[in-house]
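To start, the structure itself, in structure tokens.
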Amino acid sequence: MKTYVPKRAEIERSWWLFDAQGRTLGRLATQVAVRLRGKHKPGFTPFLDTGDHVVVVNAAKVVLTGVKRGVKTYHRHTGYPGGLKSERAVELLARRPERVIELAVKGMLPKGPLGRQMARKLKVYAGPDHPHAAQRPRPVEAPAS
């Protein structure tokens with residue numbers, strides 16, 4: 001029996017809408033990463049991008065549990081000698097709340113060109129509005145805790 005590998009024309013991409021308000025960062029990021037990879041589909045193939053588009057709104061209202069809000073640090077490098085910049089989660093949430101979710105999801109995707117292609121299908125917005133209403137994204141309900 002041969003293994004089924006979907007062709008590019010056979011891959012159907014849906015649009016999903018996640019509301020980050022009151023949801024824990026890590027739990028939200030895992031659900032988003034599953035949709036971006038396509039692991040929720042029966043035709044999932046690890047070496048192909050079979051995932052869907054994901055829109056996340058209210059990124060500024062995401063929850064970090066415990067002391068992570070004030071202790072967790074994000075690092076980036078400017079490219080110049082001595083150019084390591086560090087920023088706490090509370091500061092990054094105040095300045096660019098979308099970046100917190102993008103970094104959490106990106107860390108859960110494959111590394112390399114395939115992961116970058118999947119990450120391009122993620123759209124994150126700090127507030128409740130988004131410009132993707134024409135695609136009619138289906139809302140994903142928060143699981144019962």
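Numbers for residues simply follow the sequence, beginning at 1.
Contact annotation: the side chain of Lys39 never approaches that of Thr50 to less than 4.5 Å [non-hydrogen atoms, C-beta and beyond]. Residues Lys72 and Val67 form no side-chain contact, since every pair of their non-hydrogen atoms from C-beta on lies 4.5 Å or further apart. Between Lys111 and Arg116 the shortest side-chain heavy-atom distance does not fall below 4.5 Å. Annotation: side chain of Gln21 is not in contact with side chain of Val57 (no heavy-atom distance under 4.5 Å).
Closest approach of Thr78 to Lys85, counting heavy atoms only: CG2-CE, 3.8 Å. Between Pro97 and Ala60, the shortest heavy-atom contact is CB-CA, 3.6 Å. Between Gly51 and Arg13, the shortest heavy-atom distance links the atoms O-NH1, 2.6 Å. Heavy atoms only, all atoms of each residue included: Met108 and Gly26 are closest at CE-O, 4.0 Å.
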Step by step, would you call Asp19 with Lys61 a salt bridge (charged side-chain N to carboxylate O under 4.0 Å, His left out)? CA-CA 9 Å; Asp19 189 357; Lys61 298 177 182 171; over 6 Å; no
Would you please test Gln135 and Val55 for side chain to side chain contact (heavy atoms under 4.5 Å, CB included) and show each step? CA-CA 10 Å; Gln135 283 75 28; Val55 178; over 6 Å; no
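Considering CZ of Arg88 and NZ of Lys68, their distance stands at 16.0 Å, rounded to 0.5 Å. One distance of note links CD of Glu98 with NZ of Lys123; it measures 14.0 Å at 0.5 Å rounding. Distance check, rounded to the nearest 0.5 Å: OG1 of Thr45 to CZ of Arg37 gives 10.5 Å. Note: Ser14 OG to His53 NE2 = 9.0 Å, rounded to the nearest 0.5 Å. From Thr73, atom OG1 reaches atom CD of Glu91 across 10.0 Å, with rounding to the nearest 0.5 Å. Expressed to the nearest 0.5 Å, how far NE2 of His132 lies from CH2 of Trp15 amounts to 5.0 Å.
Between the side chain of Lys106 and the main chain of Gly115, no donor-acceptor pair closer than 3.5 Å is present.
The local environment of CZ in Arg95 is crowded, with over 12 non-hydrogen atoms from other residues, nucleotides or ligands closer than 6.0 Å. The environment of Phe47 atom CZ is dense: over 12 non-hydrogen atoms of other residues, nucleotides or ligands sit within 6.0 angstrom.
Salt bridge annotation for Lys121-Asp49: present, with a cationic side-chain nitrogen under 4.0 angstrom from a carboxylate oxygen. A salt bridge does not link Glu87 to Arg76: none of the charged side-chain nitrogens sits closer than 4.0 Å to a carboxylate oxygen.
In the hydrophobic clustering (ILVMFWY side chains linked at under 4.5 Å, chained through shared members), Leu103 is joined by Trp16, Phe18, Leu25, Leu28, Val32, Leu36, Val54, Val56, Val62, Leu64, Tyr74, Leu92, Leu93, Val100, Ile101, Val105, Leu109, Leu114, Met118, Leu122, Val124, Val140.
The side-chain contact (heavy atoms from CB on, under 4.5 Å) test applied to Glu10 returns Tyr4, Pro6, Lys7, not counting sequence neighbours.
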